Amino acid sequence: MEIRVRTAPSPTGIPHIGNTWSALFNFLFARKNKGKFILRLEDTDRERLVPESVAKIYETLHWLGLDYDEGPDIGGSFAPYIQSERKEIYRQYADELVKKGIAYEDNGAIRFKTNKEGKTGWVDLAGNKTIEFDNSTQEDFVILKSDGFPTYHLANVVDDHLMKISHVIRGGEWISSVPKHIMLYQAFGWELPQFVHLPLLLGVDKSKLSKRHGAKSVLEFRQEGYLREALLNFMALLGWSPPSGREILTLEEMINEFDLKDINLASPVFDVKKLEWLNGEWIRKLTIENLQLRIWEYLDKKYPQELIEKTIPLVRERIKKLSDYMNLAGFFFEEPKIEKGQFGNLALGHLKEALKVMEESEWQLDKLQDFLLKIVEKNKFKTGDFFMSLRLALTGQRVTPPIVESMVILGKEKTLARINRAVNL
RNA sequence: GGCCCUGUAGUCUAUCGGUUAGGACGCGACCCUUUCAAGGUCGAGAGACGGGUUCGACUCCCGUCAGGGCUACCA
């Protein structure tokens, strides 16, 4: 049997870590099992619909590299993956149940008549355990709303069946609705898919991650300078741990190791500190060329790539997010603001001495290093103070990349000019 | 309230009855060091509670408690 899974977001808001996380697990499962990963838009709630969010859903999935094999924006046939365009199909199925006497009309809506006897249960593949509900707890539920649109329950079951979904992998908030779904499958005489209910991703306040509780959109993380690799890596480690125990994994490695049996059922809490650490790890893992490209693009391609590239070895160990780059390396691109008040009493002496030798020095790291260290020795300067004076004159900041290396990149002309400027403040 | 899911350090997790309960983030200390990082070493820190079952429970069972989800003509 072919493995077919889907991620079925409803375009009622921008995709956040929570729903994207379950999309990732669907994706990993599909790729691992050589199956199909499908995108379906569940836009049956016309009141909460946010039209722009459709494009955001595509953008998020594309940015992360969670490429789907079937979906609304690929292939010639759009309608099958957008529920609002399948209204008539759901109506027909609802009518069928009415004819069979399993559903009935109620104030313009159609309600499913649940069987109150016995129990309904299934084996959930997350945790491989049976979950069972007493049918007496299941009330008659609406399957077709009075506006003619189906509810989640009907649309979901019909589409999953029609699209031959083999595994329904979704958030645990759906567990209590499964009996309704099973009853629908049975009413239609359809085969059940496998159910896999992931734990719920929790925010720091320990409640379900949602837009209302301030869940940030995935695109916002990109805006803040996080790498797709880090975000993916971070999400994968929530509720899942690879048998190898590795913490840093590429998408490819996650796919290789992925197995439903390694899903942990306790609801994980999103901890941004670990994301930051992972992002730093990934920044250091990228090649210089690649990191240069990311930074260049992140900064809207405003700065010369050659210069960015030269600075990478100096900054890659010092930034956790792409957005940290300009804070640290901005002085390479723009004249820093410096104020007299920043400098200590000895600074003038430091800078004047430095100027003397630097004008004669060859502009190479080892040469400059030698000359500068000799000044320190000769004048009995305190090494740290001396270099801090240079640092401030050149960058206007106390925290910077290694300063002599920075001077080499900055070039003789700019370096001397900035020091002169500081001396004449 | 009812039903359901879950319960190992602040956080993410390993453990498939026998371990000094392992790793990671974060935190602290030290080393390295011209700032800040990165890196290295060391350290503090966990089985919710109570009963069983067993020679032996974090692990299995029951209860309690706690957290969460659902309880909509929202998904």
Side-chain angles (χ1 to χ4, degrees), chain A residues 8-13 19 42-49 83 106-111 124 126-127 129 131-134 136-139 141-153 155-156 170-180 197 199-202 204 206-208 210 234 236-243 245-248 261-262 264-278 280-281 283-284 314-320 324 327-328 369 372-373 376 381-392 395 397-404 406:
Chain A
S10 65
T12 51
N19 40 37
E42 307 216 325
D43 57 347
T44 55
D45 183 346
R46 309 314 284 174
E47 283 186 20
R48 295 199 308 149
L49 189 72
Q83 292 186 331
D106 174 31
N107 284 318
I110 294 178
R111 245 173 226 284
D124 206 289
K129 60 176 192 314
I131 300 177
E132 206 172 47
F133 286 80
D134 216 308
S136 62
T137 62
Q138 303 298 315
E139 292 169 9
F141 58 97
V142 171
I143 54 176
L144 202 75
K145 298 180 268 189
S146 52
D147 65 0
F149 281 91
T151 59
Y152 173 90
H153 307 304
N156 191 265
R170 69 228 312 180
E173 70 266 34
W174 293 108
I175 290 177
S176 22
S177 303
V178 178
K180 295 182 177 65
H197 289 91
L200 251 49
L201 232 193
L202 269 28
V204 277
K206 302 261 179 153
S207 72
K208 180 177 137 187
S210 69
F234 175 71
L237 260 21
L238 294 174
W240 175 71
S241 62
R246 300 180 59 172
E247 302 260 357
I248 314 276
K261 75 171 169 44
D262 298 313
N264 180 186
L265 264 25
S267 296
V269 174
F270 186 100
D271 176 24
V272 77
K273 282 287 186 188
K274 188 146 186 176
L275 206 210
E276 276 184 17
W277 166 74
L278 268 171
E281 290 289 317
I283 280 178
R284 273 168 262 137
L314 271 52
V315 303
R316 67 191 319 183
E317 260 117 53
R318 296 176 166 78
I319 61 175
K320 280 197 154 71
D324 296 332
N327 292 335
L328 203 61
Q369 200 86 262
L372 262 13
L373 251 15
V376 170
F381 288 153
K382 285 175 88 170
T383 316
D385 291 349
F386 174 72
F387 283 103
M388 185 53 78
S389 297
L390 285 177
R391 194 182 306 281
L392 283 168
T395 71
Q397 298 170 205
R398 303 189 72 90
V399 174
T400 74
I403 200 60
V404 186
S406 296

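As the structure is a computational prediction, the values presented were derived from the model and not from experiment.
Between A:Trp277 and B:C25, no base-stacking contact is recorded for ring centres under 5.5 Å apart and planes less than 30° from parallel.
Side-chain N or O atoms of A:Glu281 include none that pairs as donor or acceptor with a backbone N or O of A:Glu276 at under 3.5 Å. A donor-acceptor contact shorter than 3.5 Å links the side chain of A:Ser389 to the backbone of A:Asp385.
In this structure, A:Ile143 and A:Pro150 have side chains that are not in contact, with every pair of non-hydrogen atoms separated by 4.5 Å or more. In this structure the side chain of A:Asp124 never reaches within 4.5 angstrom of the side chain of A:Val178, judged on heavy atoms.
Contacts of A:Val404 with the nucleic acid, taken as non-hydrogen atoms under 4.0 Å apart, include base atoms. A:Ala109 comes within contact range of at least one nucleobase, with a heavy-atom separation under 4.0 Å. Note on A:Lys320: only backbone sugar-phosphate atoms sit closer than 4.0 angstrom, heavy atoms only; bases stay farther off. Residue contacts for A:Asp385: at a heavy-atom cut-off of 4.0 Å it reaches no nucleic acid atom on any strand shown. At a threshold of 4.0 angstrom between heavy atoms, the contacts of A:Lys129 are confined to the sugar-phosphate backbone, with no base atom among them. Counting non-hydrogen atoms under 4.0 angstrom, A:Ser241 reaches the backbone sugars and phosphates but no base. Counting non-hydrogen atoms under 4.0 angstrom, A:Pro242 reaches nothing in the nucleic acid. Counting any heavy atom pair closer than 4.0 Å across all strands shown, A:Thr383 reaches sugar-phosphate atoms only and no base atom.
Of the two residues near RNA chain B, A:Gly108 and A:Thr400, the one whose nearest nucleotide lies more 5' is A:Thr400. Nearer the 5' end of RNA chain B, as judged by each residue's closest nucleotide, is the contact made by A:Gly245, out of A:Gly245 and A:Pro9.
Out of B:C73, B:U11, B:C5, the shortest distance to the side chain of A:Ile175 is found at B:C5.
Remark: A:Arg284 is in phosphate contact with B:G39, judged by side-chain N or O atoms under 4.0 Å from OP1 or OP2. The side chain of A:Arg391 places no N or O atom within less than 4.0 Å of a non-bridging phosphate oxygen (OP1 or OP2) of B:U34.
Pair assignment for B:C60: B:G52, on the basis of Watson-Crick or G-U wobble contacts that are both within less than 3.5 Å. Across all strands shown, nothing is found opposite B:G45 as a Watson-Crick or G-U wobble partner with both distances under 3.5 Å. B:G39 is paired with B:C31 under the Watson-Crick or G-U wobble criterion, all donor-acceptor distances under 3.5 Å. Across the strands present, B:C3 finds its partner in B:G69; the criterion is a Watson-Crick or G-U wobble pair with both atom distances under 3.5 angstrom.
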